[in-house]
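Everything quoted here is computed from the prediction, not taken from an experiment.
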Amino acid sequence: MAGSSGPGGGAGQGAALRASRAPLLLVALVLGAYCLRVLPGRCPPAARAPAPAPAPSEPPSSVRRPGAPDLPVANGPGRRRFPQALIVGVKKGGTRALLEFLRLHPDVRALGSEPHFFDRCYERGLAWYRSLMPRTLDGQITMEKTPSYFVTREAPRRIHAMSPDMKLIVVVRNPVTRAISDYAQTLSKTPGLPSFRALAFRHGLGPVDTAWSAVRIGLYAQHLDHWLQYFPLSHFLFVSGERLVSDPAGEVGRVQDFLGLKRVVTDKHFYFNATKGFPCLKKAQGSSRPRCLGKSKGRPHPRVPLAVVRRLQEFYRPFNRKFYQMTGQDFGWG
């Protein structure tokens with residue numbers, strides 16, 4: 001009798017225990033994957049810093065900004081310089097499109113990847129940051145874009161310490177559609193996420209959960225208020241993500257004016273791709289063929305109940321109005 005409840009009984013109990021744990025393990029795996037997607041990523045691999053050039057080789061006419069560190073200059077054509085302009089935000093607003101459009105300009109040299117220096121990699125130092133930049137000739141502008149800078153508390157102070165005269169570009173979009181687009185991106189990488197509604201609200205359609213980054217990013221007025229403690233409004237250009245789709249040449253023209261560049265990128269560079277739902281380049285940089293942004297852009301949005309959309313519109317309305325007042329621009333989001 002005792003033997004009948006021994007090995008055989010233990011195996012049965014073990015199987016039952018493993019079966020009961022399976023759903024819990026699945027939930028843990030999904031949540032773990034979600035956390036990996038929404039938490040800040042790692043710093044990019046360190047680049048090899050350029051070798052110091054002999055002092056006489058640097059043109060005597062080169063100009064350094066007051067207070068800027070005297071760092072080694074790379075040998076070869078052009079020089080690696082700190083950016084004179086940054087696209088600092090916002091995620092899923094249209095920053096990649098704007099960067100690719102600007103790279104058509106012969107006087108713009110931009111880093112293709114996002115270095116995340118002022119939010120994730122600051123401890124690597126300014127020499128490392130400068131080593132990432134493309135070489136530029138006199139008269140050319142160095143740029144980079146990292147959309148998470150706009151919502152990073154330390155970024156304005158750090159950028160100001162490097163260059164108090166930095167030009168800052170913020171691409172903004174209706175915060176409700178931006179949040180849904182943000183969720184769609186995360187969902188494509190992490191299937192099995194809770195619904196948009198479950199993440200956006202704490203209880204049913206109760207209080208909006210501003211701890212969720214997809215919601216928090218859209219509080220543009222709050223983020224801008226922190227930036228204005230370090231930079232005057234004249235250092236900012238606010239680009240409409242909606243107009244970047246409906247009138248790309250017009251919005252890119254404003255950016256070129258802001259950067260002090262001749263309007264080289266015009267209507268002739270764009271065509272509207274009805275399949276993707278946004279403008280594409282007739283001729284991409286270094287190519288004779290048309291080019292659209294990758295398939296991760298223009299991704300279909302999941303269905304979100306109208307009641308959820310309206311509730312979020314009501315939530316964002318006072319923040320939007322304050323943002324309009326701060327910037328002197330009405331973006332038409334209500």
Side-chain angles (χ1 to χ4, degrees), residues 38 40 85-98 114 116 118-119 145-161 164-183 185-186 196-197 199-202 205-246 251 254-255 258 301 304 308-334:
V38 300
L86 297 173
I87 300 175
V88 297
V90 298
K91 180 184 179 185
K92 305 308 294 180
T95 59
R96 172 55 60 182
L98 178 60
E114 297 174 4
H116 286 277
F118 295 104
D119 59 348
K145 75 108 177 170
T146 303
S148 52
Y149 289 164
F150 191 62
V151 298
T152 299
R153 190 76 176 172
E154 300 82 10
R157 174 180 55 81
R158 291 170 173 176
I159 293 170
H160 186 271
D165 54 354
M166 182 69 73
K167 292 184 177 181
L168 303 160
I169 300 170
V170 187
V171 187
V172 289
R173 179 184 183 188
N174 185 315
V176 178
T177 53
R178 196 223 65 81
I180 296 172
S181 180
D182 197 338
Y183 173 78
Q185 182 183 57
T186 307
F196 179 87
R197 173 177 178 168
L199 293 169
F201 301 95
R202 294 197 184 111
L205 286 180
V208 174
D209 190 356
T210 56
W212 186 33
S213 64
V215 169
R216 188 174 65 254
I217 290 171
L219 302 175
Y220 305 141
Q222 289 189 359
H223 304 306
L224 179 59
D225 189 57
H226 183 62
W227 281 84
L228 292 177
Q229 296 176 30
Y230 295 89
F231 294 94
L233 192 63
S234 60
H235 283 223
F236 291 86
L237 180 70
F238 300 94
V239 175
S240 166
E242 287 82 10
R243 286 196 295 270
L244 199 58
V245 172
S246 63
E251 284 300 280
R254 293 179 59 238
V255 179
F258 176 68
H301 288 182
V304 176
V308 172
V309 172
R310 287 176 174 169
R311 176 75 178 83
L312 278 178
Q313 287 173 336
E314 293 172 3
F315 167 77
Y316 279 119
R317 188 168 291 118
F319 296 100
N320 291 342
R321 288 176 178 171
K322 184 179 179 183
F323 185 66
Y324 300 165
Q325 185 180 48
M326 294 171 77
T327 61
Q329 294 178 237
D330 187 334
F331 292 89
W333 304 323

Should Y316 and V208 be marked as a side-chain contact (heavy atoms from CB on, under 4.5 Å) after you check the CA-CA gap, both sets of side-chain angles, and the distance that decides it?
-> CA-CA 10 Å; Y316 279 119; V208 174; over 6 Å; no

Check the pair V88, W227 against side-chain contact (heavy atoms from CB on, under 4.5 Å), reporting the backbone distance first and the verdict last.
-> CA-CA 11 Å; V88 297; W227 281 84; 4.0 Å; yes

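Salt bridge annotation for E251-R254: present, with a cationic side-chain nitrogen under 4.0 angstrom from a carboxylate oxygen. In summary, K145 and E114 engage in a salt bridge, as defined by a charged side-chain N under 4.0 Å from a carboxylate O.
Side-chain contact between W212 and F196: present, with at least one pair of heavy atoms (C-beta onward) separated by less than 4.5 Å.
Counting non-hydrogen atoms of neighbouring residues, nucleotides and ligands closer than 6.0 angstrom, the CZ atom of R202 exceeds 12 such neighbours. Within a 6.0 Å sphere centred on CD of Q325, heavy atoms belonging to other residues, nucleotides or ligands number 12 at most.
Taking the ring centroids of F238 and F331, they lie at or beyond the 6.0 Å cut-off.
Listed by chain and residue number, nothing satisfies the side-chain hydrogen bond (donor to acceptor under 3.5 Å, both in side chains) test with N174 (two or more places apart in sequence, or in another chain). A search for side chain to side chain contact (heavy atoms under 4.5 Å, CB included) contacts involving L228 returns L224, L233, F236, M326, not counting sequence neighbours.
Checked by atom type and distance alone, the side chain of K167 pairs as donor or acceptor with a backbone atom of F258 at under 3.5 Å. No donor-acceptor distance shorter than 3.5 angstrom exists from the side chain of T95 to the backbone of K91, with no hydrogens or angles considered.
Atom-to-atom distance recorded for L199:CG and Y183:OH is 6.0 Å, nearest 0.5 angstrom. Atom-to-atom distance recorded for K92:NZ and R173:CZ is 7.5 Å, nearest 0.5 angstrom. Atoms CD and OG1, on Q313 and T177 in that order, are 9.5 Å from each other to the nearest 0.5 Å.
Shortest non-hydrogen contact noted between G218 and R178 is N-NE, 4.4 Å.
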